[in-house]
Amino acid sequence: AHREGEVGHAFEHHPLVDDVLGRDLDLVTMTVELWDLTMAVSLRGVMLGCKYALPPMLEQGHGVILNTTSVAGQTGDVKRAAYGSAKAGVDTLTKYVATMYGKQGIRCNAIAPGLIMSPPAIANLTPEMLDATLRNRLLQRAGTPNDVAAMAAFLRALAAGALPPARPPDRLRVRGD
């Protein structure tokens with residue numbers, strides 16, 4: 001439990017500034033510094049979480065690592081190339097961790113949310129943007145933080161060996177389309 005607190009503390013104190021996604025518009029105008037910051041937080045941060053979570057899990061012979069990725073890492077879009085690329089890296093890292101440590105009792109999966117109505121999304125989405133997004137969804141609603149939490153609780157509650165490593169057909173997406 002103490003180590004869980006240490007890992008959780010690391011994720012509460014990251015250097016990501018609120019406007020990073022707002023500046024991740026296109027490759028031509030993107031700075032290398034913005035690319036590097038996005039990779040450091042969104043990919044290296046996940047790798048470090050795995051790196052430091054694995055030793056105590058290996059010592060006890062079981063554990064669950066649940067990464068958060070994004071559908072942005074699985075599709076292309078007209079903006080946010082750095083974010084999407086970093087999340088694609090998280091998808092791949094998740095598969096590697098699952099494959100490398102699965103036989104040692106460690107399960108690693110990822111949740112890939114689409115649009116989640118978090119406080120930043122609510123603050124930055126215009127009604128027109130939200131309407132355009134929802135028109136292309138089967139459920140006609142965006143996800144909520146509670147939807148993501150429910151999926152995380154579901155994955156965490158499963159016995160460590162009950163779910164295979166994450167592969168593209170096995171992805172669980174928390175989205176309305």
Side-chain angles (χ1 to χ4, degrees), residues 1-21 23-24 32-75 80-116 118-121 143-168 170-175:
H2 178 68
R3 296 241 179 174
E4 285 180 18
E6 290 174 6
V7 172
H9 178 77
F11 285 106
E12 291 172 7
H13 296 86
H14 58 75
L16 186 62
V17 292
D18 291 336
D19 68 340
V20 167
L21 289 177
R23 294 184 292 137
D24 184 2
V32 172
E33 293 78 18
L34 178 64
W35 178 272
D36 289 346
L37 176 61
T38 304
M39 293 299 152
V41 173
S42 296
L43 181 54
R44 186 183 307 139
V46 173
M47 181 279 295
L48 290 171
C50 292
K51 175 182 174 58
Y52 293 110
L54 281 164
M57 291 179 182
L58 290 168
E59 188 175 304
Q60 66 190 17
H62 62 88
V64 176
I65 295 174
L66 184 56
N67 294 326
T68 303
T69 182
S70 171
V71 297
Q74 302 162 11
T75 62
R80 297 194 177 111
Y83 178 77
S85 298
K87 292 303 184 174
V90 172
D91 287 347
T92 301
L93 176 64
T94 298
K95 289 183 259 188
Y96 270 87
V97 171
T99 302
M100 294 170 81
Y101 299 100
K103 290 183 180 177
Q104 297 170 61
I106 310 300
R107 192 181 76 235
C108 186
N109 292 100
I111 296 176
L115 175 61
I116 300 299
S118 62
T144 68
N146 286 339
D147 294 329
V148 178
M151 181 60 68
F154 168 75
L155 289 171
R156 177 69 175 93
L158 293 175
L163 199 66
R167 295 184 312 271
D170 296 330
R171 262 190 208 107
L172 298 172
R173 296 181 181 181
V174 181
R175 53 188 291 189

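Everything numeric in this text was worked out from a predicted model, so none of it was measured. Throughout, residue positions are numbered sequentially from 1 according to the sequence presented.
Taking the side-chain contact (heavy atoms from CB on, under 4.5 Å) definition, one finds that M100 meets it with Y96, sequence neighbours left out. In this structure, the side-chain contact (heavy atoms from CB on, under 4.5 Å) partners of S118, at least two apart in sequence or on a different chain, are P120, A121.
Here the closest non-hydrogen pair linking L54 and Y101 is CD1-CE1, 3.6 Å. Scanning both residues, C50 and I65, for their nearest heavy atoms gives SG-CG2, 3.9 Å. Between V148 and I111, the shortest heavy-atom contact is O-CD1, 3.9 Å. Smallest separation of non-hydrogen atoms from L43 and A86: CD1-O, 3.9 Å. In plain terms, the two heavy atoms of Q74 and A112 that are nearest each other are NE2-CB, 3.4 Å.
Between the CE atom in M39 and the CE atom in M47 there is a gap of 13.5 Å [rounded to 0.5 Å]. Here the OG1 atom belonging to T99 is positioned 13.5 Å from the CD1 atom belonging to I106, to the nearest 0.5 angstrom. Distance CG/L93 to SG/C108: 6.5 Å, rounded to 0.5 Å.
Atom CD of Q60 sits in a crowded spot, with more than 12 heavy atoms from other residues, nucleotides or ligands closer than 6.0 Å.
Proximity of a side-chain donor or acceptor of T69 to a complementary backbone N or O of K87 within less than 3.5 Å is detected. A distance-only check finds a donor-acceptor pair linking the side chain of D24 to the backbone of A81 [under 3.5 Å]. When atom types are taken as modelled, the side chain of S70 and the backbone of G73 share no donor-acceptor pair closer than 3.5 angstrom.
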